2 protein chains.
Amino acid sequence: MTSSGDDVHPQRAQRAHHEQRDRAERLREFNRYYTQRVGILSDRYLGQNRPLSEARVLFEIGQGVDLRDLRVRLGLDSGFLSRLIRSLERQGLVAVGPSPDDGRVRVATLTDDGRRELDDLNERATGLANRLLSGLPAAQQEQLVSATDRARHLLRLSAIEVGAVDPSSEAARRCLSAFADELRQRFPEGFDDADLVSARELSGDAGALLVATEDGEARGCVAVRVIEPDVGEIRHMWVHPGARGIGLGRRLLHEIEVHAAGMDLRVLRLATHGVLDEAIALYRSAGYAAIDQYGPTPHAQHWFEKHLGRRPETRNASASPDLHERSVGLAPQ
Amino acid sequence: MTSSGDDVHPQRAQRAHHEQRDRAERLREFNRYYTQRVGILSDRYLGQNRPLSEARVLFEIGQGVDLRDLRVRLGLDSGFLSRLIRSLERQGLVAVGPSPDDGRVRVATLTDDGRRELDDLNERATGLANRLLSGLPAAQQEQLVSATDRARHLLRLSAIEVGAVDPSSEAARRCLSAFADELRQRFPEGFDDADLVSARELSGDAGALLVATEDGEARGCVAVRVIEPDVGEIRHMWVHPGARGIGLGRRLLHEIEVHAAGMDLRVLRLATHGVLDEAIALYRSAGYAAIDQYGPTPHAQHWFEKHLGRRPETRNASASPDLHERSVGLAPQ
DNA sequence: GACATTATCTGACTATAGTCAGATAAATTC
DNA sequence: GAATTTATCTGACTATAGTCAGATAATGTC
């Protein structure tokens, strides 16, 4: 599915394996330090006199929740949750009543006291975070939260699976129609579903469709279609609005390049609409060069091309950092 | 001690407060996501059939530890630890014996079985980290661990306290002598303690000495000395070898600038030796401009100067990101 | 309308994590 | 060398977190 060590040269494969092992150790080192020092933020320190599980439930209730949802979300045993809720009820922090939709389901809401308690909890958590930050000058505070933002985004990205799907499948069609819906809104001239590539053109040797899914939900797609011998065209690059800014576009582009290389394509072209600035910036930074119009490309004002090397991604760690950064696009998006 | 919101203009103070609040929320958001998704790395998933506390003890024993140290390091009740060790002993994973130095103290070591078990534990933890990373292409894996490295360094930096100390105190002298020891090794011509600024020149209106401490241990220092009306000289900038690469030099420079501004100094000068490249790079990126020699400065080949604005740090978030980055040094060190 | 399913609750358990008050023996202080 | 301190151990507790097997009532399926 993902191709981080797909390599024919044993030496390179060896090095890639080594690099990944080191990265795992770096991640573990972070985890050790973080849980030791910041575990405070989540741990019982927040609950003060309250068990952690009760505090967690209080956090999750918010505007009122089905106990059923709560159980699933927190992964709790139904008996355990029942008792937790009962205890919070006795403390006057939550009220439970039947759901209007389903008489079996019970809904928990915060009482005024409960809301106050939750505000307190939040206050304390933010206070702890602030105390942690206040040790640093503003510029370094900003660097710290930028780093944690970035890490959070990439952790989320790592939970998204990207893989080839049958373009005529229900999932594929749903994803493409969400893509079409968005283009309809963004293109001044509108967009017609007929401009989508047919399922036949994305199957077998003719092309491929990759779909990105997070917890089973489609979060983006990208397609490639053979337009000449050795030449493929990237189509339908789309990232769900709720998954933007985490590097999914860049990853999809990488994955489709790997897939295209696997189809023995040597050149990739693509056409894009002038209103899609963020896409244009992505293509440029991923090594695509502007070219003249190369064929019938509806809704397009910009055309790009990239020659795939033997390996679509240069992982040349021994080269200068600058070169590396440019070639694989380490620059922030 | 630290100056992140030291501001005379109420409006600016307001905004600074707002910014810090937002940063706290970003940190909390990271914490929520991280503990939920990666808590796996540290949590009971590692211990498999073993309670978390036993697994933690197993991790910490390593080459053999005093139970006394272990108790302090893990913050455990002595009775509790005693029972944990007893349980691991019964499982044949650790052996305990008396300490050769102190008959009261007991030392725990891993048996062969214990070592195997620890290897297993480590294997599993690295495997989990790898599984997490393997969802990403190599370039984005690298971005992720770079972000966590950076976050770890800055979290550590936030635990370091920087403050003015009496330059004739024991702590100050120890720190300065560590500084002098290092210069003796790095300067081809050697270094004489007589070249250190006297305590008198760093006291009262004449100057100041800031020391950075982590868990009570000195990790660096920096001094300022008034050399002309309105003009101060930065001296004795030093970061402990074990605390390099986390941004402490930059922070010390910032703190001394704030301190100098508080002494109504308007210009800061400094002189540095040619072999200290990393220091020279720091001064440049913090807005210091090279100048001609300005006075008797032993062991120096480079001279720098910076004019302090009313506020030594521009926190001008509304300016272009590029400008901001340049002025406060967001560039990686 | 019989039957299966689902959401919650209750009672009875267990495991883990810890706390606290002495007891004991070695080391340190005076 | 007596008194104090320190490191560990033991026994007796408590709190938290969780599991599991039914019981009950509302819903969905046929």
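The basis for the numbers below is simple: all heavy atoms, side chains too, and nothing from hydrogens, waters or symmetry mates. Convention: sequence-line order gives letters A, B, ...; per-chain numbering from 1. Everything quoted here is computed from the prediction, not taken from an experiment.
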For the side chain of D77(A) and the backbone of G79(A), is there at least one donor-acceptor N/O pair under 3.5 Å apart? yes
Taking side chain to side chain contact (heavy atoms under 4.5 Å, CB included) as the definition, give me every residue that meets it alongside S203(A), ordered by chain and number, with sequence neighbours left out. P167(A)
Establish whether the base of dG18(C) is bridged to the side chain of R83(B) by a donor-acceptor pair shorter than 3.5 Å. no
Sequence neighbours left out, what passes salt bridge (charged side-chain N to carboxylate O under 4.0 Å, His left out) with R244(B)? Give chain and number order. E182(B)
Can you list, in residue-number order, the parts of residues 85-95 of chain B that come under 4.0 Å of DNA chain C, counting heavy atoms only? none
Atom-to-atom span, CG of L84(A) to C1' of dA15(D) - whole angstrom: 13 Å
Salt-bridged, R86(A) to E89(A), with N to O below 4.0 Å? yes
Between S53(A) and dA17(D), is there a side-chain N or O to OP1/OP2 distance below 4.0 Å? yes
Could you tell me which residues satisfy salt bridge (charged side-chain N to carboxylate O under 4.0 Å, His left out) with R174(B), sequence neighbours excluded, listed by chain and number? E170(B)
Please identify each residue that fulfils salt bridge (charged side-chain N to carboxylate O under 4.0 Å, His left out) with R56(B), with sequence neighbours left out. none
For the pair made of CD in E54(A) and C1' in dA15(D), what is the distance, rounded to whole Å? 12 Å
dT16(C) C1' sits how many Å from F80(B) CZ, rounded? 7 Å
Who pairs with T148(A) by side chain to side chain contact (heavy atoms under 4.5 Å, CB included), at least two apart in sequence or on another chain? L144(A), V145(A), L27(B), F30(B), A151(B)
I need the residues from residues 61-75 of chain B with at least one non-hydrogen atom less than 4.0 Å from DNA chain C; give them sorted by number, or say none. none
For A178(B), side chain to side chain contact (heavy atoms under 4.5 Å, CB included) partners two or more places apart: W238(B)
Rounded to the nearest angstrom, tell me the gap between atom CG in L81(A) and atom P in dG18(D). 12 Å
Rounded to whole angstroms, how far apart are CG on L76(A) and P on dA7(C)? 15 Å
In whole angstrom, what separates R50(A)'s CZ from dA17(D)'s P? 12 Å
Contacts satisfying side-chain hydrogen bond (donor to acceptor under 3.5 Å, both in side chains) that involve residues 93-102 of chain A (not counting sequence neighbours) are D102(A)-R104(A)
Counterpart residues, side chain to side chain contact (heavy atoms under 4.5 Å, CB included), relative to E54(A) (two or more places apart): R50(A), P51(A), L84(A), S87(A), L88(A), Q91(A)
Where protein sits on nucleotides 21-30 of chain D, one letter per nucleotide: B base, S sugar-phosphate only, - none, heavy atoms under 4.0 Å: -----BS---
If you look only at distance, which donor and acceptor atoms sit under 3.5 Å apart when one is on a side chain in residues 63-76 of chain B and the other is two or more places apart or in another chain?
unit_1	atom_1	unit_2	atom_2	d
D66(B)	OD2	R68(B)	NH2	3.1
R73(B)	NH1	E60(B)	OE1	2.5

